[in-house]
Amino acid sequence: MSTTANVSASKRIEALLDGNSFVEIGNLVAARNTDFNTQEKAAPTDGVITGYGLVDGRLVYVYSQDASVMNGSIGEMHAKKIVNIYKLAMKVGAPVVGLIDCAGLRLQEATDALNAFGRLYLAQTMASGLIPQVTGIFGTCGGGMAVVPTLTDFTFMEEKNAKLFVNSPNAIDGNYEAKCNTAAAKFQSEEAGIVDGTGSEDEVIAKIRDLLTYLPNNNEDDDSYQECTDDLNRVCEGIEGANGDTSILISNIADNAAFFEIKPDYAKDVVCGFIRMNGQTVGVVANRTEIIGEDGKATEKFEGMSAQGCEKAASLVDFCDSFNIPVVTFTNVKGYKATMCQEKMLAKATAKLIYAFTNATVSKINVIVGEAYGSAYVAMNSKSIGADIVYAWPQAKIGMMDANQAVRIMYADEIKKAENANAFIAEKASEYEDLQSSAVAAAKRGYVDSIIEAQDTRKYVIGALEMLFTKREDRPAKKHGCVL
């Protein structure tokens, strides 16, 4: 490793990779531009350390920007070093991790630097769906550099000093940093949804290492399997009470209760992430109606699925399909979130979710754990849009809408004439539920494959994953779809 490189840039690499595994590439590369006396400025490694090493014994390519060299700004040779890492990673089929601390475009190189940005964008685009790409932001990531993490699969951000922005807060009309720091990790993780996780520098590095253990090396070779030390038939007692906060349910059925949640602070009505089942990495998507605190009481409640939740789920399903990771969903949704703001986005976001599930050819398993009503249920990996196996818990309700609401619409005139309206509604609702909304009614029509006890969910899902392990499915020949 270069002895003149910035300590924090090299230390981040050392923290990320297994001990003594890093091999630097291109440590003698320097800027060619001599305009504005740039040749007089010391620029070791041209502001970025590049190379490869191991994470948990698996090959990973990495670049780490050096903010002490021209503020870590991107110029021609700086970008060329990163692009070279991408080319190598695509040749051998290994993930790329970028550790960002960059002032953006190197002004002294102007069009050469702009071309460098374009070359980097091109490399990232070509790598998308071929190898996993992960970004950690530790300092500034502004302007054109802000596109780099959004072209990768997962982004993590240091919570205090890191900045991510296209336009800085003070450059936005009507805003300033003290009013709303749009560059902060809090905003980008909770409001923008770009960032998948935040924390201290050490926590971000640890999260990247942990995530990489779940991911395959590339879209063809998979070394992400681990030996399962958990009981495959383990009974998960009490999880029927976790159908509201499905993050608890997911942890309960996972191998050794290990759940890596993606975007936990964004669109909390939908839970997304990775677990292992029988040692195999599985992507999970679940509706959530409440968040349960440590005291066992609900700290937040959610009414309906949001547009942001749909897009969050669609993004994970697309990633899983690209890298042949099975998808398991847990459905508990009455409908969509009803607000003026949501209405602007819901139809398009739902289309993205439906397209993602329908387009995916990986194994798809759905477990209906609560209420599953209307088109929101259809969008959540239902049998009608391609789920391979659908299970339902005994108390699950599947249909157009809540039975009481349906009866009030269907029997509006009769209710007005009834001597005891409440008793009439209750009688008809029970009848409607038995005929149209129960898990048994759905199973009779073939929309549910099996009704299972909640405590047996783990063993049934593992069994289905094993059965579907060799699944192959084709799609119509075309260049690509247009639902983006």
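Values reported hereafter were calculated over all heavy atoms of this structure, with side chains retained and with hydrogens, waters and symmetry mates removed.
In this model, no donor atom of one side chain and acceptor atom of the other lie less than 3.5 Å apart for Asn219 and Ser322. In summary, the side chains of Ser189 and Thr198 do not present any donor paired with an acceptor at a separation below 3.5 Å, with no hydrogens or angles considered. Under the 3.5 Å distance criterion, with hydrogens and angles disregarded, no donor-acceptor pair is assigned to the side chains of Tyr377 and Glu371. Using modelled atom types, one finds no donor on one side chain facing an acceptor on the other under 3.5 Å when comparing Glu466 with Gln280. No hydrogens or angles considered: nothing links the side chains of Thr155 and Asp196 as a donor-acceptor pair under 3.5 Å. Looking only at atom types and distance, the side chain of Arg276 has a donor-acceptor partner in the side chain of Thr213 under 3.5 Å away.
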task = Tell me, with the steps shown, if Asn287 and Met380 meet side chain to side chain contact (heavy atoms under 4.5 Å, CB included).
result = CA-CA 9 Å; Asn287 303 114; Met380 274 296 296; 3.5 Å; yes
task = May I have the step-by-step check of side chain to side chain contact (heavy atoms under 4.5 Å, CB included) for Arg458 and Asp230, ending in yes or no?
result = CA-CA 11 Å; Arg458 172 175 164 82; Asp230 200 350; 3.5 Å; yes
ask   = Does the side chain to side chain donor-acceptor pair (under 3.5 Å) test come out yes or no for Asn170 and Ser168, once each step is laid out?
value = CA-CA 6 Å; Asn170 295 341; Ser168 66; 5.8 Å; no
request  = With ring pair (Phe, Tyr, Trp, His ring centres under 6.0 Å) as the test, would you mind laying out the steps for Tyr61 and Tyr86 before giving the verdict?
outcome  = CA-CA 8 Å; Tyr61 287 84; Tyr86 265 94; 9.4 Å; no
task = Could you walk me through whether Asn256 and Thr229 pass side chain to side chain contact (heavy atoms under 4.5 Å, CB included), step by step?
result = CA-CA 8 Å; Asn256 304 310; Thr229 57; 3.3 Å; yes
request  = Walk me through it: do Leu211 and Phe274 pass the test side chain to side chain contact (heavy atoms under 4.5 Å, CB included)?
outcome  = CA-CA 8 Å; Leu211 174 61; Phe274 297 104; 3.9 Å; yes
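Ser200 pairs by the side-chain hydrogen bond (donor to acceptor under 3.5 Å, both in side chains) definition with Glu203, not counting sequence neighbours.
Between Phe187 and Pro169, the closest side-chain pair of non-hydrogen atoms is not below 4.5 Å. Looking only at side-chain heavy atoms (C-beta outward), Lys352 and Tyr355 stay at 4.5 Å or farther from each other. Val327 places none of its side-chain heavy atoms less than 4.5 Å from the side chain of Ile365.
Of the charged side-chain nitrogens involved, none lies within less than 4.0 Å of a carboxylate oxygen, so that Lys163 and Asp101 do not count as a salt-bridged pair. Contact check on Arg288 versus Asp245 returns a salt bridge, with a Lys/Arg side-chain nitrogen under 4.0 Å from an Asp/Glu carboxylate oxygen. Classification of Lys179 and Glu177 as a salt-bridged pair fails, no side-chain N sitting under 4.0 Å from a carboxylate O. A salt bridge between Glu201 and Arg12 is present, with a side-chain N of the basic residue lying under 4.0 Å from a carboxylate O of the acidic one.
Of the possible donor and acceptor atoms, none in the side chain of Thr246 sits under 3.5 Å from a partner among the backbone N and O of Ala242. A distance-only check finds a donor-acceptor pair linking the side chain of Asn332 to the backbone of Asn243 [under 3.5 Å]. Side-chain atoms of Lys312 come within 3.5 Å of backbone atoms of Lys263 as a donor-acceptor pair (strictly under, hydrogens ignored). At distances below 3.5 Å, not a single donor-acceptor pair connects side-chain atoms of Gln395 with backbone N or O atoms of Gly370. A donor-acceptor pair is defined here as one N or O able to donate and one able to accept, closer than 3.5 Å; no such pair exists between the side chain of Arg445 and the backbone of Val440. Panel note: side chain Asp449, backbone Val390; a donor-acceptor pair is recorded below 3.5 Å. A donor-acceptor distance shorter than 3.5 angstrom exists from the side chain of Ser438 to the backbone of Ala441, with no hydrogens or angles considered. For the pair Glu158 (side chain) and Asn161 (backbone), a donor-acceptor distance under 3.5 Å is present. At least one donor-acceptor pair under 3.5 Å links the side chain of Gln188 to the backbone N or O of Thr182. Not one N or O on the side chain of Asn218 forms a donor-acceptor pair closer than 3.5 Å with the backbone of Met90.
None of Thr358, Thr329, Asp388, Thr331 except one satisfies the side-chain hydrogen bond (donor to acceptor under 3.5 Å, both in side chains) rule with Asn381; the exception is Thr329.
Val378 approaches Ser384 most closely through the heavy-atom pair CG1-OG, 3.7 Å. The two residues Cys272 and Val285 make their nearest non-hydrogen contact at SG-CG2, 4.1 Å. Of all the heavy atoms in Ser306 and Gly309, the pair that sits closest is OG-N, 2.9 Å. Taking each heavy atom of Arg475 and Ala360 in turn, the nearest pair found is NH2-O, 3.2 Å. Across Cys228 and Asp255, no two heavy atoms sit closer than the pair SG-OD2, 3.6 Å. Shown here for Met145 and Cys141, the closest heavy-atom pair between the two residues is O-SG, 3.4 Å.
By the neighbour-count criterion of 12 heavy atoms within 6.0 Å, atom NZ of Lys471 is densely surrounded, having more than that number from other residues, nucleotides or ligands. Residue Glu300 qualifies as enclosed at atom CD: its count of foreign heavy atoms under 6.0 Å is above 12. Taking a 6.0 Å sphere around CZ of Arg209, one finds it holds more than 12 heavy atoms contributed by other residues, nucleotides or ligands. Dense packing is recorded around CD of Glu473, with more than 12 heavy atoms of other residues, nucleotides or ligands lying under 6.0 Å away. Heavy atoms of other residues, nucleotides or ligands lying less than 6.0 angstrom from CD of Glu414 number more than 12.
Atoms OG1 and CG, on Thr457 and Leu249 in that order, are 6.5 Å from each other to the nearest 0.5 Å.
Within the structure, ring-ring contact (aromatic ring centres under 6.0 Å, His included) contacts touching residues 451-483 (residues at least two apart or in different chains) are Tyr391-Tyr460.
Ring pair Phe319/Phe323 is tilted by interplanar angle, where 30° to 60° counts as tilted. Below 30°, between 30° and 60°, or above 60°: for Tyr214 and Phe260 the angle between ring planes is between 30° and 60°, a tilted geometry.
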